[in-house]
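Counting starts at 1 for both ligands and their atoms, following the listed order.
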Amino acid sequence: MDTARDLLASISGRGTSRRSLLKVAAGSAAVAGAGAVGLGAASPAAADEATGYDAIVIGAGFAGVTAARELQSKGLRTLLVEARNRIGGRTWTSTFLGKQVEFGGTWIDEIQVNVWREAQRYNIPIVSDTDPMDRAIYPAPQGVATYTPDEVFAREATLLGKVMEGTEGFFPRPYEPFFNAAGLIEPDKLSLRDRLDQLRLSAEDDRWVSAITGGYSGGSSTYGAYTMLAHWWALSGRTYGGFMGVNVDRPAPGMKGLLQAMLDDARLSGLKLSTPVSRIENTNAGVQITTRAGQRISAKVAVVALPVNVWKNINFGSAGLPSEFLALSKEGMAVQSAQKIYMQLRGQNIGRFVAQAPEGYKLVSMLSQHILPDGQIAVGFSADPTLDGNNLEQVRAAVRELDPTLEVVSVKAQHWGRDEFSLGGWTFRRPGQLTTKLRAVQQPVGRLTFATSDIATGWAGFVDGAVESGFRAAQQALALTKQVAA
Ligand SMILES: Cc1cc2nc3c(=O)[nH]c(=O)nc-3n(C[C@H](O)[C@H](O)[C@H](O)COP(=O)(O)OP(=O)(O)OC[C@H]3O[C@@H](n4cnc5c(N)ncnc54)[C@H](O)[C@@H]3O)c2cc1C
């Protein structure tokens, strides 16, 4: 067993099927419209705006594009409005040193049925990140130490297994998270830190496993809910291999290629980029949005496909937003200081490596991505609010905490928390959010329905959850238009 990925594949037992699927997908590769944003055959006629659209979808991430495509396919003239000059939201396929990189969501997996179905529908080829790892930098009693990948993954599997022991009853049906609602009330009050404390691990084991739980939950295990990790664990088949295996496969043309294929297929009645929405008026007569530039556009219904963390900054008009929505937005669901940092590294015998930092370090984790003739590109994740991932000196200091021999030559980062159109990165629910708020915010409010991975029923925090929520919100919006017509 010489690679971390092989270890994962053997634990999960899914390596062979993934490779077979890869062959099928690659053989039929025909990526639809992976270039600039387009509208397929449709053209947004000015007359449409005068007469009003049937539906407006606000936000062109995976949730919004899914919802818009579904509504248009049901015969509703649909306008998609996006603040940025690109689609994709918290996925962002770009380049670093000439290589294709992802500044946000990257990996998808066949067990994530919503997004996987989309990749297959549009014949998107899949590539697998299975390159052998040479070494692993993980917590030691003091600081960090270098281990073999086999050592660290075996230990991580054992420790995460302990953390998840006894969670089998929480989500007996992972896509129906409230199937055992009564059994969730007490555990949902616990943070991951509370759970680790229950286990009374040795100081060294605690330091190890909290490196992982703290990383997911925003820099400290005290932020994230125990039930959030338990939900991902249940969705992954309750094995370490299944859990880690969702970070292996990715669309070859990037997330952008997949989303562009979905958008092209949607043939929407209208698409507006670089158009931030500042106000959403929601009355019995219909919905009217106001853009930051002052343009007003009306429709029968609207899908709010915005991250939960930004809801609080939108003016929801005279009706406002119900209190649960506002409270959730103020608490925040996505990790507020999440950053993804690409780095050009040099150093002697760096090798391919994976690093997981103890809680309190500037970087949560690091991973080799591309070997270059004179070094490599690695990606780092951070949830430290004081780190500026675009500041070379700061990143150098952060990397030195993990391996002082690594020389950082250049950096390029995306700080999702400082981006006004996301105000956070990946979703990780806080204690209590699942049982006290999730169901409420999945419901329509007047003529509005809500879509985003943050409030998905299944894979919240993943692209799969965004697609799932887009389908749900579109169905709800369609039902609302039927009520209006009746
Ligand atoms: C660093 C990082 C790594 C990740 N890794 C993975 C991974 O490997 N695999 C995975 O599946 N998931 C991953 N995720 C999570 C995944 O990227 C997200 O869950 C998913 O992309 C969210 O989609 P969404 O449509 O719900 O929201 P978003 O993508 O945030 O879309 C919302 C859209 O609304 C727009 N918007 C905001 N405000 C306004 C406004 N006022 N007016 C108009 N439009 C507005 C935004 O610009 C954006 O386009 C990662 C996320 C991050 C940040």
Starting from the N and O atoms of ligand 1, collect every protein N/O partner closer than 3.5 Å and put each pair on its own line with the distance to 0.1 Å.
{"from": "ligand 1", "atom 1": "8 (O)", "to": "Thr106", "atom 2": "N", "distance (Å)": "3.1"}
{"from": "ligand 1", "atom 1": "8 (O)", "to": "Trp107", "atom 2": "N", "distance (Å)": "3.0"}
{"from": "ligand 1", "atom 1": "9 (N)", "to": "Trp107", "atom 2": "O", "distance (Å)": "2.9"}
{"from": "ligand 1", "atom 1": "11 (O)", "to": "Trp107", "atom 2": "O", "distance (Å)": "3.4"}
{"from": "ligand 1", "atom 1": "11 (O)", "to": "Val463", "atom 2": "N", "distance (Å)": "2.7"}
{"from": "ligand 1", "atom 1": "12 (N)", "to": "Val463", "atom 2": "N", "distance (Å)": "3.4"}
{"from": "ligand 1", "atom 1": "17 (O)", "to": "Arg90", "atom 2": "O", "distance (Å)": "3.3"}
{"from": "ligand 1", "atom 1": "17 (O)", "to": "Gly105", "atom 2": "N", "distance (Å)": "3.4"}
{"from": "ligand 1", "atom 1": "19 (O)", "to": "Ser453", "atom 2": "OG", "distance (Å)": "3.3"}
{"from": "ligand 1", "atom 1": "25 (O)", "to": "Phe62", "atom 2": "N", "distance (Å)": "3.3"}
{"from": "ligand 1", "atom 1": "25 (O)", "to": "Ala63", "atom 2": "N", "distance (Å)": "3.0"}
{"from": "ligand 1", "atom 1": "26 (O)", "to": "Thr452", "atom 2": "OG1", "distance (Å)": "2.8"}
{"from": "ligand 1", "atom 1": "26 (O)", "to": "Ser453", "atom 2": "N", "distance (Å)": "2.8"}
{"from": "ligand 1", "atom 1": "27 (O)", "to": "Arg90", "atom 2": "NH2", "distance (Å)": "3.2"}
{"from": "ligand 1", "atom 1": "29 (O)", "to": "Arg90", "atom 2": "N", "distance (Å)": "2.8"}
{"from": "ligand 1", "atom 1": "30 (O)", "to": "Arg90", "atom 2": "NE", "distance (Å)": "2.7"}
{"from": "ligand 1", "atom 1": "30 (O)", "to": "Arg90", "atom 2": "NH2", "distance (Å)": "3.4"}
{"from": "ligand 1", "atom 1": "41 (N)", "to": "Val277", "atom 2": "O", "distance (Å)": "3.0"}
{"from": "ligand 1", "atom 1": "42 (N)", "to": "Val277", "atom 2": "N", "distance (Å)": "2.9"}
{"from": "ligand 1", "atom 1": "44 (N)", "to": "Ala83", "atom 2": "N", "distance (Å)": "3.1"}
{"from": "ligand 1", "atom 1": "47 (O)", "to": "Glu82", "atom 2": "OE2", "distance (Å)": "2.6"}
{"from": "ligand 1", "atom 1": "47 (O)", "to": "Arg84", "atom 2": "NH1", "distance (Å)": "2.7"}
{"from": "ligand 1", "atom 1": "49 (O)", "to": "Glu82", "atom 2": "OE1", "distance (Å)": "2.6"}
{"from": "ligand 1", "atom 1": "49 (O)", "to": "Glu82", "atom 2": "OE2", "distance (Å)": "3.2"}
{"from": "ligand 1", "atom 1": "49 (O)", "to": "Gly89", "atom 2": "N", "distance (Å)": "3.4"}

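The salt bridge (Lys or Arg N to Asp or Glu O under 4.0 Å) contacts involving residues 430-457 comprise Arg90-Asp454, Glu331-Lys437, where partners must be two or more places apart or lie in separate chains.
Closest approach of Thr452 to Ser469, counting heavy atoms only: N-OG, 2.9 Å.
Ring-centre distance between Tyr226 and Phe170: below the 6.0 Å cut-off.
Partners of Thr435 according to the side-chain contact (heavy atoms from CB on, under 4.5 Å) rule, which considers only residues two or more places apart in sequence or in another chain, are Leu184, Asp188. When the side-chain contact (heavy atoms from CB on, under 4.5 Å) test is applied to Ala477, the partners found at least two apart in sequence or on another chain are Leu71, Val301, Val303, Thr449.
Looking at Glu468 and Arg117, no side-chain N of the basic residue comes within less than 4.0 Å of a carboxylate O on the acidic one, giving no salt bridge.
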